[in-house]
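Below: one structure, written as structure tokens.
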Amino acid sequence: MNKPCYILAIESSCDETSAAVSNKGKILANVIAGQKVHEAYGGVVPELASRAHQQNIIPVVDQALKEANVAKNDLQAVAFTNGPGLMGSLLVGTSFAKSFALALGIPIIEVNHMQAHILALFASREDEGVEYPEFPFLCLTVSGGHTQIVKVHDHLEMEVLGQTLDDAAGEAFDKIAKILGLPYPGGPLIDKMAVKGDPARFKFPVTRLSGLNFSFSGLKTAVLYFIQKQLSIDPEFIDKNLADLCASVQHTIVESLVIKLIEAAESEGIEHIGIAGGVSANSGLRSRLQAEAKGRGWKLFIPPFEFCTDNAAMIAVTGYYKYLNKQFSTQDSAPFARFSGMK
Ligand code: KG4
Ligand code: ZN
């Protein structure tokens, strides 16, 4: 009964190479290697990302096993992200996972990256004293590639209620940061600068689509035209107003997200609300939602920082639920680039 169930998990969908080890869903190690190589280019360069994954994957897996104090022969399965993401990057993780599992004679488990971001809400290094959302709950998943409101019926049964029709929230942060002359990834930098700025100083448009979908490309264009105009009047406009610009942009993105989340919670009559994905690390979004939760009687769930941005711990948790359901895959498993549902 008390037999351990060690799972090795691999995440390589974008520009983080990560490996985690879990025992019955509890996280024992979560090693993440970022890729500085993209900074100079203002965004992730896919070919450079695949090469960096190739360099990182073995040391990252080795470190995760050592930190967890688990021998590879004691693993029960290997879980890995099979999409959505960058094809070359995914190929590194999926090929490694398949060959490693084949050599050990253990099963492999495919994990959908977007489902895993949500199950980061169930990732913990502790055995006890952790509270999890009750089903069904709503999750606002906000990452660099996706923005979704998801109704979570069960660990593995999820329904997308709304999503972005163009840029993702993280993409909006990063592209606007680039317009402001900040390096990639700009989201965390805007967050840091915003703390010192006035969010009401500049008014940018909140795009309101019908239903629960989002759009962020209009905001990016509005900021671009505004900045170009101001720079033609005063070339030092950005330097003089950076904190207020960051605070105003962050405020606008947070408003766009929160308005739709409130609409979804009201129409579904759901009070357990989670947030997930890289942008859930944003301090403005966190504090705005905390205030909203207080006023509305929501129970709000936010993953610890290490499980917000891309990480393999969330893949390990999802892998464990699939392991319990015996949802194993075969060696002909192939990665996919685009999101086409929570499977
Ligand atoms: O989930 P994630 O690590 O990767 C994807 O699956 O895309 O999300 C990365 C995104 C980037 O766009 C990054 O700028 C954004 O999350 N991000 C933030 C913050 N931390 C990460 N955006 C705003 N505020 C932050 N503190
Ligand atoms: Zn992600």
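When a ligand or atom number is given, it counts from 1 through the structure's own listing order. For clarity, every value in this text was computed on a predicted model and none was experimentally measured.
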Can you check whether [X] has an N/O within less than 3.5 Å of an N/O in ligand 1?
X: S283; answer: no
X: D310; answer: yes
X: T309; answer: no
X: G145; answer: yes
X: G170; answer: yes
X: G186; answer: no

Nearest candidate to atom 7 (O) of ligand 1, where distance is taken over non-hydrogen atoms, out of G144, A120, G187 = G144

request  = Not counting sequence neighbours, list each pair that qualifies as a ring-ring contact (aromatic ring centres under 6.0 Å, His included) and has a residue in residues 284-303.
outcome  = H272-F301

request  = Check the Zn ion (ligand 2) and write out every protein N, O or S atom at under 2.8 Å, as residue and atom.
outcome  = H113 NE2, H117 NE2, D310 OD1

Contacts under 3.5 angstrom, residues 247-258 side chains, donor-acceptor by atom type, not counting sequence neighbours:
{"unit_1": "S248", "atom_1": "OG", "unit_2": "D198", "atom_2": "O", "d": "3.4"}
{"unit_1": "S248", "atom_1": "OG", "unit_2": "F202", "atom_2": "N", "d": "3.2"}
{"unit_1": "S248", "atom_1": "OG", "unit_2": "D244", "atom_2": "O", "d": "2.7"}
{"unit_1": "Q250", "atom_1": "OE1", "unit_2": "N282", "atom_2": "ND2", "d": "3.0"}
{"unit_1": "T252", "atom_1": "OG1", "unit_2": "S248", "atom_2": "O", "d": "2.7"}
{"unit_1": "E255", "atom_1": "OE1", "unit_2": "R288", "atom_2": "NH1", "d": "3.1"}
{"unit_1": "E255", "atom_1": "OE2", "unit_2": "R288", "atom_2": "NH1", "d": "2.2"}
{"unit_1": "S256", "atom_1": "OG", "unit_2": "T252", "atom_2": "O", "d": "2.8"}

remark   = Under 4.0 Å between heavy atoms, the region of H113 that gets near ligand 1 turns out to be side chain

Less than 4.0 angstrom from a charged side-chain N to a carboxylate O is my criterion; do [X] and [Y] meet it?
X: E131; Y: K299; value: yes
X: E171; Y: K220; value: no
X: D174; Y: K178; value: no

I'd like to check which ligand 1 atoms, numbered from 1 as shown, lie under 4.0 Å from a non-hydrogen atom of [X].
X: A281; value: 20 (N), 26 (N)
X: H117; value: 1 (O), 6 (O)
X: D191; value: 24 (N), 25 (C), 26 (N)

ask   = Identify the closest protein heavy atom to atom 14 (O) of ligand 1: which residue and atom is it, and at what distance?
value = D174 OD1, 2.6 Å

ask   = Can you tell me which residue and heavy atom of the protein come closest to atom 17 (N) of ligand 1, and the distance to 0.1 Å?
value = G278 O, 3.6 Å

query = So among R51, H53, E16, which one has a side-chain contact (heavy atoms from CB on, under 4.5 Å) with Q35?
reply = H53

query = Under a heavy-atom criterion of less than 4.0 Å, does H146 contact ligand 1?
reply = no

task = Give a yes/no verdict on whether any heavy atom in K192 is under 4.0 Å from an atom of ligand 1.
result = no

Report, one line per pair, each donor and acceptor closer than 3.5 Å where one atom sits in a side chain of residues 80-92; sequence neighbours left out.
{"unit_1": "T81", "atom_1": "OG1", "unit_2": "E11", "atom_2": "OE1", "d": "2.6"}
{"unit_1": "S89", "atom_1": "OG", "unit_2": "C14", "atom_2": "O", "d": "3.4"}

ask   = Any donor and acceptor pair, going by atom type alone, linking the side chain of K98 with main-chain N or O of I108 inside 3.5 Å?
value = no

Aromatic ring pairing H113/H117, orientation class (parallel under 30°, perpendicular over 60°, tilted between) = perpendicular

